[in-house]
**Q** 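Let me give you the structure first, and then I'll get to my questions.
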Amino acid sequence: MMTMTSASMAARALEQGQGILRLAPTWVPRSFCVPGRRIKLHPDDYYVLGGERGGIDERWLASTTPAKNGPLTGQDEGLSQIVFEADGTCHQFLLRDAVAELKGALIGDRLWNEYQSWPMYSKFFDNMGPLPHHIHHNDEHARLIGQLGKPEAYYFPPQLNNHGGDFPYTFFGLTPGTTHSQVRQCLENFTKGDNKITNLSQAYRLEPGTGWDVPPGLLHAPGSLCTYEPQKASDVFAMYQSLVNEAIIPEELLWNGTPPERRGDVEHLLEVIDWDLNLDPEMMQNRFMAPKPVRDPEAMQGYQESWVCYKSEAFSAKELTVLPGQTVTIQDGAAYGLILMQGHGKLGVWNIETPSLIRYGQLTSDEFFVSEKAALAGVVITNASATEPLVMLKHFGPNNPDLVLD
């Protein structure tokens, strides 16, 4: 019997789903994190990959970007798989391969012609405590190690934040007036215990239902709310804080993202910092994001939709709520991935439901990828509940043509 290639499966899956692909959950561990246990993974499975790998505290969404998790990184770790059922058999293959095969037929000619890839992904980040003050490199600095820069954004879904974790506050940037020499001293003290770099920063309380914009070059120490993070297709970072929650951060993570010839050179770490962004006296005004309705709320019959991430050209995100018992047709100007947050119903030809508990390796019906053609034509969505809203988050690639804000 002939075996279907991923190429033929991609075309058949897209046809079967009438322009919408079903995705399997993609779990990613982090050795330096403690899971917050809010991303619906079964309690027995947070350490299913073994203690050396660390706990699973991330679920990656619509990802064609491999995780950079050191020498123990699993095969295809971080890469989303398409689920395709044919002839009584369930097949899985990489979204990355489907994009490479279908090109503009999946993500649209605009994105394919410019990027030849799906240039973003999103994730749930679910840590019990805060992360170290760290930085993501811009394209210029990431290029030195063969990677792309990484802007990202945060949104804190109410459905995943029944508790705030140990420290629901995020440090952003550096206090205005901070000098290069002060930061240099902290970095030189990295191996001497607590380098106290957050003494030079200020923290902001995190609120479910709101978000923040985090451009590359901005130091940030994420707090302990469970976070939805749309971002550019990259996994580049460097940790600038040496002690968090009494846990020592390995020095190798300070130099992560540094080209070999400049390791040990603190001046390079200072160059990665965007000083204008970090010393911004109006950090809250410029980086905080409250939801913004996509159009006049009175014009949205049977549903509510808001932009939740909208300050970066590299990606954007919406939260869509379909009211109980309603059927709506939603049009978008670009391809997108989506994750269901609450409720059940129909998405085009697909039955959709929000799981309460997921075993590692179990398939779900809560994550999909919508082709540009299907998005432009409009996706018919039905909320099958008479009482509960149907809520989903939608993540888009660069320069969303629909994103026009005052």
Side-chain angles (χ1 to χ4, degrees), residues 60 63-68 78 111 114-123 125 131-154 170-176 178-180 183-184 186-187 190 197 200-201 211-222 227 229-241 252-283 286-289 309-317 395-400 403:
W60 288 25
S63 171
T64 60
T65 303
K68 302 293 184 183
L111 291 181
E114 184 167 355
Y115 299 97
Q116 287 79 54
S117 66
W118 175 241
M120 69 85 63
Y121 69 105
S122 193
K123 69 167 70 167
F125 171 73
L131 277 191
H133 216 33
H134 69 277
I135 203 163
H136 300 295
H137 304 64
N138 62 21
D139 284 333
E140 177 186 355
H141 290 111
R143 193 177 299 118
L144 299 176
I145 57 167
Q147 293 200 47
L148 298 172
K150 185 181 176 181
E152 63 184 17
Y154 303 158
T170 288
F171 288 92
F172 287 105
L174 299 165
T175 304
T178 299
T179 65
H180 286 55
V183 178
R184 181 184 295 107
C186 291
L187 298 176
F190 194 90
I197 193 170
L200 306 178
S201 184
W212 287 79
D213 176 53
V214 188
L218 178 65
L219 283 161
H220 54 291
T227 306
E229 291 187 22
Q231 54 207 268
K232 192 172 178 176
S234 173
D235 197 23
V236 64
F237 67 90
M239 299 296 188
Y240 281 32
Q241 184 179 357
E252 65 187 72
L253 295 181
L254 172 66
W255 301 108
N256 188 55
T258 300
E261 67 275 12
R262 297 204 65 181
R263 292 198 170 217
D265 182 358
V266 171
E267 287 303 313
H268 177 76
L269 302 178
L270 295 173
E271 291 168 11
V272 171
I273 297 172
D274 185 321
W275 290 91
D276 289 337
L277 277 174
N278 281 273
L279 298 174
D280 184 0
E282 297 182 340
M283 186 72 70
N286 292 328
R287 303 273 72 87
F288 177 76
M289 293 184 294
C309 298
Y310 47 80
K311 291 194 173 187
S312 174
E313 294 182 354
F315 52 78
S316 57
H395 23 280
F396 299 84
N399 298 308
N400 190 329
L403 182 54

**Q** Work out which heavy atom in Ala238 is nearest to a heavy atom in Leu254; give both atom names and the distance.
**A**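 For Ala238 and Leu254, the tightest heavy-atom pair comes out as CB-O, 3.5 Å.
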
**Q** For a side chain to side chain contact (heavy atoms under 4.5 Å, CB included) check, start with the C-alpha distance between Leu269 and Phe190, then their side-chain angles and the critical distance, and finish with the verdict.
**A** CA-CA 12 Å; Leu269 302 178; Phe190 194 90; over 6 Å; no

**Q** Could you work out, with ring-ring contact (aromatic ring centres under 6.0 Å, His included) as the rule, every residue matching Tyr121, not counting sequence neighbours?
**A**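 Result, ring-ring contact (aromatic ring centres under 6.0 Å, His included) vs Tyr121: Trp60.
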
**Q** For a quick test of your reading: what N or O donor-acceptor pairs under 3.5 Å do the side chains of residues 141-150 make, sequence neighbours left out?
**A**
unit_1: His141; atom_1: ND1; unit_2: Asn138; atom_2: OD1; d: 3.1
unit_1: Lys150; atom_1: NZ; unit_2: Gln231; atom_2: OE1; d: 2.9

**Q** State the NE2-CD distance between His180 and Glu267, to the nearest 0.5 angstrom.
**A**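 Reported value, rounded in 0.5 Å steps: 8.5 Å.
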
**Q** More than 12 heavy atoms of other residues, nucleotides or ligands under 6.0 Å from CD of Glu313: is that the case?
**A**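 It does not: Glu313 CD has 12 such atoms or fewer within range.
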
**Q** When you check the gap from the basic side-chain N to the acidic O, do Arg287 and Glu282 get nearer than 4.0 Å?
**A**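 No, this pair does not count.
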
**Q** Taking side chain as C-beta onward, heavy atoms only, is Leu218 less than 4.5 Å from Met283?
**A**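 They are in contact (side-chain heavy atoms under 4.5 Å apart), so the answer is yes.
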
**Q** Excluding sequence neighbours, so at least two apart, what forms ring-ring contact (aromatic ring centres under 6.0 Å, His included) with Tyr154?
**A**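 By the ring-ring contact (aromatic ring centres under 6.0 Å, His included) rule, Tyr154 matches no residue at all.
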
**Q** To the nearest 0.5 Å, what is the distance between OG (Ser316) and CG (Leu403)?
**A**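 Answer rounded to 0.5 Å: 5.5 Å.
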
**Q** Looking at every non-hydrogen atom in both residues, tell me the closest pair between Thr178 and Thr175 and how far apart they are.
**A**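 So the two residues come closest at OG1-O, 2.6 Å.
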
**Q** Phe288: what forms a ring-ring contact (aromatic ring centres under 6.0 Å, His included) with it, not counting sequence neighbours?
**A**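 For Phe288 the ring-ring contact (aromatic ring centres under 6.0 Å, His included) partners, ignoring immediate neighbours, are Trp212.
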
**Q** The criterion is side chain to side chain donor-acceptor pair (under 3.5 Å); which residues satisfy it with Asn278, sequence neighbours excluded?
**A**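 Once residues adjacent in sequence are excluded, Asn278 has no partner under the side chain to side chain donor-acceptor pair (under 3.5 Å) criterion.
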
**Q** Holding to side chain to side chain donor-acceptor pair (under 3.5 Å), I want the full list of residues that pass it with Asn399, two or more places apart in sequence or in another chain.
**A**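 Asn399 satisfies side chain to side chain donor-acceptor pair (under 3.5 Å) with no other residue.
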
**Q** Within a strict 4.5 Å, meaning less than it, do heavy atoms of the Val183 and Trp275 side chains meet?
**A**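 Of all side-chain heavy-atom pairs linking Trp275 with Val183, at least one is under 4.5 Å.
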
**Q** Taking side chain to side chain donor-acceptor pair (under 3.5 Å) as the test, write out the residues that go with Asp235, two or more places apart.
**A**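 In terms of side chain to side chain donor-acceptor pair (under 3.5 Å), with neighbours along the sequence ignored, Asp235 is linked to Arg30.
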
**Q** List the atom of Ser63, the atom of Gly78, and the distance in Å for their closest heavy-atom pair.
**A**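 That closest heavy-atom pairing would be OG-O, 2.6 Å.
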
**Q** With sequence neighbours left out, what residues match His136 under ring-ring contact (aromatic ring centres under 6.0 Å, His included)?
**A**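 In terms of ring-ring contact (aromatic ring centres under 6.0 Å, His included), with neighbours along the sequence ignored, His136 is linked to His134, His220.
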
**Q** Quick one: closest heavy-atom pair of Leu131 and Ala221, and the distance?
**A**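 Between these two residues, the closest heavy atoms are O-CB, 3.4 Å.
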
**Q** Please name all residues satisfying side-chain contact (heavy atoms from CB on, under 4.5 Å) with Asn256, sequence neighbours left out, ordered by chain then number.
**A**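 With neighbours one apart ignored, the set is Phe237.
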
**Q** So do the side chains of Phe315 and Ser122 get within less than 4.5 Å of each other, counting heavy atoms only?
**A**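 No, every pair of side-chain atoms sits at 4.5 Å or beyond.
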
**Q** Any side-chain heavy atom of Asp139 within less than 4.5 Å of one from Lys232?
**A**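 Contact flag for Asp139/Lys232 side chains = yes.
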
**Q** By side chain to side chain donor-acceptor pair (under 3.5 Å), which residues pair with Thr179, not counting sequence neighbours?
**A**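 Scan of Thr179 (side chain to side chain donor-acceptor pair (under 3.5 Å), adjacent residues dropped) gives Ser181, Gln182.
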
**Q** How close do His133 and Phe171 get, counting heavy atoms only, and between which atoms?
**A**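 Answer, listing the atom of His133 first, then Phe171: CE1-CB, 3.7 Å.
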
**Q** Is it true that a side-chain atom of Thr227 and a backbone atom of Glu229 form a donor plus acceptor pair closer than 3.5 Å?
**A**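 Flag not set: sc Thr227 to bb Glu229 has no pair under 3.5 Å.
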
**Q** Under 3.5 Å, side chain of Trp118 to main-chain N/O of Met120, donor-acceptor pair present?
**A**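 Yes, because the side chain of Trp118 sits within donor-acceptor range (under 3.5 Å) of the backbone of Met120.
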
**Q** Just to verify, what does Glu271 make a salt bridge (charged side-chain N to carboxylate O under 4.0 Å, His left out) with, not counting sequence neighbours?
**A**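 Glu271 satisfies salt bridge (charged side-chain N to carboxylate O under 4.0 Å, His left out) with Arg262 once adjacent residues are dropped.
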
**Q** Compare every heavy atom of Thr258 with every heavy atom of Arg263, then report the nearest pair and how far apart it is.
**A**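 Nearest pair, atom of Arg263 first, then Thr258: NE-O, 3.5 Å.
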
**Q** Could you give the distance from CG (Leu187) to CD1 (Ile197), rounded to the nearest 0.5 Å?
**A**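 Interatomic distance, Leu187 CG to Ile197 CD1, rounded to 0.5 Å: 5.0 Å.
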
**Q** In sequence, state the C-alpha distance, the side-chain angles, and the governing distance for Leu219 and Ser201, and then conclude on side chain to side chain contact (heavy atoms under 4.5 Å, CB included).
**A** CA-CA 9 Å; Leu219 283 161; Ser201 184; over 6 Å; no

**Q** If I take atom CD1 from residue Ile273 and atom CG from residue Leu174, how far apart are they, to the nearest 0.5 angstrom?
**A**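 Separation between the atoms: 6.0 Å.
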
**Q** Taking the side chain as every heavy atom from C-beta outward, state whether Pro215 and Asp274 have any pair of such atoms under 4.5 Å apart.
**A**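 Result no, sub-4.5 Å side-chain heavy-atom pair not found.
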
**Q** Please check if the side chain of Tyr310 supplies one atom and the backbone of Met289 the other of a donor-acceptor pair under 3.5 Å.
**A**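 No; judged by distance alone, with no hydrogens or angles, the pair does not exist.
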
**Q** CG/Leu277 to CZ/Phe172 distance, rounded to the nearest 0.5 angstrom?
**A**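 Nearest 0.5 Å value for the CG-CZ distance: 12.0 Å.
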
**Q** Do the non-hydrogen side-chain atoms of His137 and Ser234 ever get within less than 4.5 Å of each other?
**A**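 Answer no - side chains too far apart.
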
**Q** Which residues pass the salt bridge (charged side-chain N to carboxylate O under 4.0 Å, His left out) test with Glu261, sequence neighbours left out?
**A**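 Glu261 satisfies salt bridge (charged side-chain N to carboxylate O under 4.0 Å, His left out) with no other residue.
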
